[in-house]
Each structure stands twice: as C-alpha cells, then as structure tokens.
Amino acid sequence: MSLKTSCLSLALLLMTSCSAEKRHALSAPALSQTPICESYADYFKVGAALNVGTVDGTDSIGREIVKRHFNSIVAENCMKSEVIHPAENVYDWTDADKFVKFGNDNKMFTVGHCLIWHSQLAPWFCVDENGNNVTPDVLRKRMKDHIYTIMRRYKGKVQAWDVVNEAILDDGSYRDSKFFQILGEEYIPLAFQYAHEADPDAQLIINDYSMPNKGKRDTYVRIVNDMKKRGLRVDAIGMQGHNGMDYPDFDEFEKSIEAFASTGCDVMVTELDFTVLPTVTKTASVETNVAYEKEMNPYPDGLTPEVDRQWNDRMAQFMRLLMKHSDKISRVNFWGVKDADSWRNDWPMKGRKDYPLAIDRNLSVKPFIETSLRK
Ligand code: G3I
C-alpha cells in the first residue's frame, strides 16, 4: 500500500469512527431530556461520582450525560490515598488532574473524595518499614503533608473536600482504624485543622454512611459541635445515602437531616443510590467479596414493571423529603452516573445487575425525577 493510500485509509477510518461515536452519543435519550440539575435547580445542586473513564473520554456518552445533567461532580476513586499517594514521597496526579480539569472546564462544583479514610488507604500511610503502627508524631506529619499537598494543588479548583470519611460505627462508637489506634479521637479535629490551613476557601465535609442511625447521628452532632466550640471549621455533614427498598426508615433520615442542620452545618447527600437487590450480608465492609449465587441476582434481564414502579415511587418519595429540607441541603450527589456503571453491580457479590441510579441501562432519565416534582 502506498503512503498516500494508507493516509487516505487512516483518514477514512478516523472519520467513520468519529461519526459512529457521534451517532451513538446522539442516540442516548438522556441527551435530549430535561437536565436533572435543572429540574432541581430551585432546591439543591445535583451531582454524580465519576470514574476515570467518564472524564478521559473512554465513555464518551457518559461524559456527555454528565455535562448535560449534573452541575457537581465527585471523584469516585482517583483521589483515594492508595491511588493519589501510593508511596510516602510519591504522588500520582494522572487521573485526579483529569477529573479536576473536567469539572473546571464545565464549571461544575467539584468535590474531592476523600482525604482521611481507613479504606483504600495507601499501605505505607500509618505503618513503619516493619509494618508496625507509626508514632502519633509521625502520623500527624504524614496527615499534614498528605492534606496540604493535595488540597494546595487544587486550591481554587476543588470547591469542597470529604475530609474525614466513615469514622464512626453504627452504634456511634469510633471505628478502630489505624488513625484512631494511633491518635485517638483527636485525628478528626486534626484533619479539619490541616484542611482549613491548606485551603481556607474550600468547603470541609465530614462524611459517613448509615447516617439515619441514632448512634451515628448523636456522635456526629457531638463531634461537629465540639470542633466548632474549639474554633475549628467544619462546613458540611455528608449523609452518603447507600439505600435500599427496605432501608433506611425515611423518618429517621429526616431526624438526622434536622439534627445535622442544627449544628449550623450544611447537609449534603453525598453518595446516593437505591439498590433493588436482596441484601447479601448486613455486616459487609467495602472489601467484602461473596461468591456469586444466581438467586441473589433476581433481575438479570431488567426489572419487572411492578418492581420498576415500586423503585421509582420510593425514589420520588425520597427526593420529596430532600426537597422539603432544601433550606438545609445544598447538594445531592448520586454515586455514579448510570446503572450500568454502579459499584452496586459488583458489591458484595460480583456479576449482579442492579438499577440504583438516575439514568437507566437504556440511557434514559428515570421517571422518579418528574414524579418528585409534581405538586
Ligand atoms: O483500579 C483497579 C483496576 O486496576 C482493576 O482492573 C479493577 C479490577 O476489578 O479493580 C480496580 O479497582 C477497583 C476500584 O473500585 C476502581 O474500579 C477496586 O477493585 C474496587 O474495590 C473499587 O471499589 C470502589 C470502592 O469504593 C472501594 O474504594 C468503588 O468503585 C467505589 O464506588 C466505592 O465508593 C465508596 C466511597 O468511596 C465511600 N463510601 C462507600 C462507597 C461505596 O462502597
């Protein structure tokens, strides 16, 4: 093949793949439906957690859907310490930079997740070369370096940070994480002090799941009030919102919204999804991986119309609750863009099909949005 012919073939190939991508992208119903963030514009910002494929263009439809439907984004994985800070003197900004640029290019409220978390923790962070816990002084310095370096890189570009994530257990006691073992309760105020010093303009969030539980509610109210009394800054309490068909009790969720708002903090629903699948185990941690069982995957070919209706009704009811408290809630963030990408499909059992988000597997916006807005 001559050089001229190869160039022509390459150009033809590029043109074909570009137009195929464009046709495919244009064929997603969500791309012509009312933007979700516009629907809730009078109530709160609406966001989504993004994986790397969405920002780097691997998932071009996903990226267009995000641009149209959300005015806020959160890093689903790329800012966790094991990814962004894999060794003491090594930071890997590759994916985090792409994420932040995408948010800034599209003028979205960009949220960093998460600075201090026991899970997906860089293996070196809390231990010495023999694997023993480091001293309190060493951990303070490591936390400070970690928080300062990351937050200062994105100062003015990331508007809010999940500073401490999942510190408390359901009964309200402190999680026995490495941070707690080494520094005790003080690690939380310290993290917020460092975060404020690193970027006084960013919103600082304390974030956890199962926030409707009375134990967590009471402890977080106490922690936040104590920090405020000491002159430390905490701006928002994040209620993750990994929900299901039979939990949480919405009355308890409402009590927590009210209790958290009473501290003077904003309330944010930070990781919203509603699984429709049966619970595999109630005590599973994020790392749990249970062997696949067919009975635990009841909707491999789609939801039945009845379950679909029940799911949408429950979502609409939940959104109405959030709208009722929109004076307290500044942001509602889905934990993912579309059903096909949700972590729920793989946790704690890989290979199930779940339907937990706002955009379905045919790339349409789900009906609960419109229902929730009806007077
Ligand atoms: O990066 C590797 C990739 O190289 C490899 O090919 C692939 C094979 O499975 O695994 C990839 O890592 C996975 C990572 O997600 C990125 O996809 C991990 O195994 C997997 O454990 C990890 O799961 C994430 C989980 O946090 C643990 O960090 C989920 O995507 C993410 O949605 C979930 O998010 C958490 C929040 O941060 C905190 N609150 C709960 C929420 C849900 O668990």
Side-chain angles (χ1 to χ4, degrees), residues 47-56 58-59 62 66 72-86 92-96 98-99 111-123 125 150 158 160-170 175 177 179 191 205-213 216 220 236-244 247-248 268-275 277 279-292 331-352 354-359:
L50 304 192
N51 57 42
V52 180
T54 314
V55 289
D56 72 8
T58 315
D59 177 5
V66 173
S72 177
I73 55 169
V74 183
E76 183 170 359
N77 285 302
C78 68
M79 287 177 158
K80 291 173 178 172
S81 66
E82 70 170 10
V83 180
I84 204 169
H85 195 176
D92 182 347
W93 307 111
T94 321
D95 293 336
K98 288 183 200 162
F99 164 80
V111 182
H113 170 88
C114 46
L115 293 165
I116 299 296
W117 187 31
H118 69 278
S119 188
Q120 310 298 113
L121 176 65
F125 207 122
I150 297 172
V158 167
W161 285 94
D162 289 335
V163 177
V164 172
N165 194 36
E166 301 176 1
I168 302 299
L169 300 175
D170 284 1
R175 181 186 295 279
S177 67
F179 296 103
I205 308 165
I206 192 159
N207 192 49
D208 211 327
Y209 60 83
S210 297
M211 290 299 234
N213 282 10
K216 288 214 185 192
Y220 274 108
I237 303 181
M239 303 178 70
Q240 291 187 0
H242 294 296
N243 300 332
Y247 64 93
M268 295 177 171
V269 177
T270 50
E271 303 187 12
L272 184 58
D273 52 27
F274 268 76
T275 182
L277 298 180
T279 304
V280 175
T281 155
K282 283 211 157 118
T283 51
S285 71
V286 163
E287 293 82 13
T288 307
N289 194 352
V290 176
Y292 180 80
R331 177 172 62 100
V332 174
N333 188 82
F334 290 91
W335 200 245
V337 178
K338 39 194 166 67
D339 284 346
D341 307 329
S342 167
W343 74 291
R344 291 286 205 170
N345 294 303
D346 288 318
W347 182 88
M349 185 180 274
K350 278 202 191 325
R352 297 200 293 175
D354 207 344
Y355 306 84
L357 295 170
I359 310 271

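Just so you know, ligand 1 is whichever comes first in the structure, and atom 1 is the first atom listed for that ligand.
The CG atom of Asn213 sits 7.0 Å away from the NZ atom of Lys216 when rounded to the nearest 0.5 Å.
Every residue meeting the ring pair (Phe, Tyr, Trp, His ring centres under 6.0 Å) condition with His113, not counting sequence neighbours, appears here in chain and number order: Trp335.
Protein residues having at least one heavy atom under 4.0 Å from any atom of ligand 1 are Glu76, Asn77, Lys80, His113, Trp117, Gln120, Asn165, Glu166, Gln240, His242, Glu271, Val286, Trp335, Trp343, listed by chain and number.
Using a 4.0 Å cut-off between charged side-chain N and carboxylate O, Asp208 and Arg175 make no salt bridge.
A distance-only check finds a donor-acceptor pair linking the side chain of Asn333 to the backbone of Ala48 [under 3.5 Å].
Between Asn207 and Glu271 the shortest side-chain heavy-atom distance falls below 4.5 Å.
A donor atom on one side chain and an acceptor atom on the other are not found under 3.5 Å apart for Trp117 and Asp162.
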